[in-house]
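Worksheet for the structure shown next.
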Amino acid sequence: MKISVFAPLAAFYWQLSCVTATPVNTPDTTDIVPYVDIEERQFKIVVDCNELINQVLRTINAYPQYTAQAVAVGKKIVLPSVTAFSICKTFKTQAIDCTYAAGSVASAISLAIVHGIFDSSPPEEGATTATPSKRGELLYEHIGNYLRSAGAEFELVSVRPLLERREENGLSIEVRGMREPDQAISTDFRITSRLDGSGLVQTTPFSEDAVARRSSTRPGFKIAWEVSGRTGNKPAQQAVTALGQVVADDWKTRVQAQPNVGDYIGLIDMQSCGRIQLRIIPEDGGFGTNYETVDKCNA
């Protein structure tokens with residue numbers, strides 16, 4: 001495992017300080033079970049998509065305070081076109097479904113939660129109070145420590161300024177060759193962070209080729225996020241990975257059952273830790289760091 005750009009600081013310990021995140025007494029903190037009080041936990045989200053869902057998915061038995069919700073999907077009107085299912089099959093040679101891609105999407109959602117919540121801390125806490133350089137060091141340490149504590153393997157984590165004039169304090173974070181336990185393939189991730197609580201995670205199949213990694217022509221998925229309701233509390237680590245998997249499993253089920261689905265919008269509610277709305281976008285190349293709204297689907 002390599003590290004670059006910023007020398008490690010003193011160990012940054014993961015904070016399980018979310019007031020509402022005290023786990024109930026259960027032997028398995030990632031045991032996921034159906035949630036009963038659907039109407040009570042459902043958020044009414046206004047989005048511009050051609051199929052609304054608004055369905056609470058599942059909760060984590062140890063953290064019933066956290067919920068995930070499928071909000072909507074955008075179905076392609078004119079085929080053939082780029083759909084989530086067509087991009088799924090690019091993640092591994094001879095892939096016939098979204099099994100391999102779903103693992104990468106789950107990891108990308110977890111990274112969005114970890115990074116979005118931490119980097120969107122209120123002014124008195126977290127990386128937003130630091131200079132851009134210091135903020136990069138903090139985020140570098142935070143992402144690296146999360147990956148190691150989750151048991152993920154990775155080749156490199158690097159941080160650099162986002163080279164856009166309108167995003168002077170933005171950061172681009174690369175996670176190369178990442179594979180979580182029980183995943184069959186490694187994936188490259190690029191996180192684009194903004195100070196307004198929004199950002200992107202791009203996930204593409206792992207490449208050994210340095211030129212290919214720098215290219216924006218590889219197919220993959222772009223996960224846009226927007227954070228709201230942030231108070232400064234941190235989500236429980238065990239819940240982060242499980243919530244990413246919950247949303248990715250629902251995404252996979254819908255994409256495989258309806259191959260004309262393009263975008264997918266979901267919402268994760270972590271009570272006093274905040275909420276994060278997500279949009280999963282298939283890309284056949286031409287990845288950019290441009291802002292992607294989380295309340296509209298491309299049809």
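Residues take their numbers from the sequence shown, with the count starting at 1.
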When you look at Val47 and Leu52, which way does the side chain to side chain contact (heavy atoms under 4.5 Å, CB included) test go after all the steps? CA-CA 8 Å; Val47 295; Leu52 300 180; 3.5 Å; yes

Value rounded to 0.5 Å, distance of [atom1] in [X] from [atom2] in [Y]:
X	Y	atom1	atom2	answer
Glu153	Ser186	CD	OG	7.0 Å
Cys273	Ile268	SG	CD1	12.0 Å
Arg190	Thr204	CZ	OG1	8.5 Å
Ile113	Ile276	CD1	CD1	6.0 Å
Leu111	Ser104	CG	OG	10.5 Å
Phe85	Lys252	CZ	NZ	11.0 Å

Under the side chain to side chain contact (heavy atoms under 4.5 Å, CB included) rule, collect the residues that match up with [X], sequence neighbours excluded.
X	result
Ala70	Ile53, Leu57, Asp250, Arg254, Tyr264
Glu51	Val73, Lys75, Gln258
Lys92	Ala95, Tyr100, Ile185
Asp48	Lys296

Tell me if a side-chain donor or acceptor on [X] pairs with a main-chain N or O of [Y] at a distance below 3.5 Å.
X	Y	result
Arg279	Glu292	no
Asp188	Gly177	yes
Thr90	Ile87	yes
Ser86	Val82	no

Non-hydrogen atoms of [X] and [Y] that approach each other most closely:
X	Y	value
Ala248	Ala102	CB-O, 3.6 Å
Gly262	Ala84	O-CB, 3.7 Å
Gln238	Tyr63	OE1-OH, 3.5 Å
Thr192	Trp225	O-CH2, 3.8 Å
Leu278	Ala112	CD2-CB, 4.0 Å
Ala108	Ile223	CB-CD1, 3.7 Å

Is the shortest side-chain heavy-atom distance between [X] and [Y] below 4.5 Å?
X	Y	value
Ser107	Met178	yes
Pro219	Glu283	no
Thr187	Phe206	no
Ile265	Cys49	yes
Met270	Asn233	no
Ile143	Val175	yes
Asp269	Gln69	no
Leu243	Ile109	no

Which pairs, with at least one residue in residues 176-198 and sequence neighbours excluded, count as a ring-ring contact (aromatic ring centres under 6.0 Å, His included)?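 Listed by first then second residue: nothing to list.
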
Got a sec, which residues hit ring-ring contact (aromatic ring centres under 6.0 Å, His included) with Phe221, two or more places apart in sequence or on another chain?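 So Phe221 forms a ring-ring contact (aromatic ring centres under 6.0 Å, His included) with Phe91, Trp251.
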
Just by distance, with hydrogens left out, do Ser198 and Glu226 show a side-chain donor and acceptor under 3.5 Å apart?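 No, no side-chain donor-acceptor pair sits under 3.5 Å.
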
Going by side-chain contact (heavy atoms from CB on, under 4.5 Å), Ile191 matches just one of Val157, Val201, Leu200. Which one?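 So, applying the side-chain contact (heavy atoms from CB on, under 4.5 Å) to Ile191 and each of Val157, Val201, Leu200, only Val201 qualifies.
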
Decide whether Val246 and Val294 are clustered together by the hydrophobic rule: side chain heavy atoms of Ile, Leu, Val, Met, Phe, Trp, Tyr closer than 4.5 Å, transitively.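 In one cluster: no.
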
Under a single-linkage definition using a 4.5 Å side-chain heavy-atom cutoff for Ile, Leu, Val, Met, Phe, Trp and Tyr, are Val227 and Val247 assigned to the same hydrophobic cluster?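 Cluster IDs for Val227 and Val247 match.
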
Using the side chain to side chain contact (heavy atoms under 4.5 Å, CB included) rule, take Ser158 and Tyr140 through it: C-alpha gap first, then chi angles, then the decisive distance, then the call. CA-CA 7 Å; Ser158 66; Tyr140 167 80; 5.9 Å; no

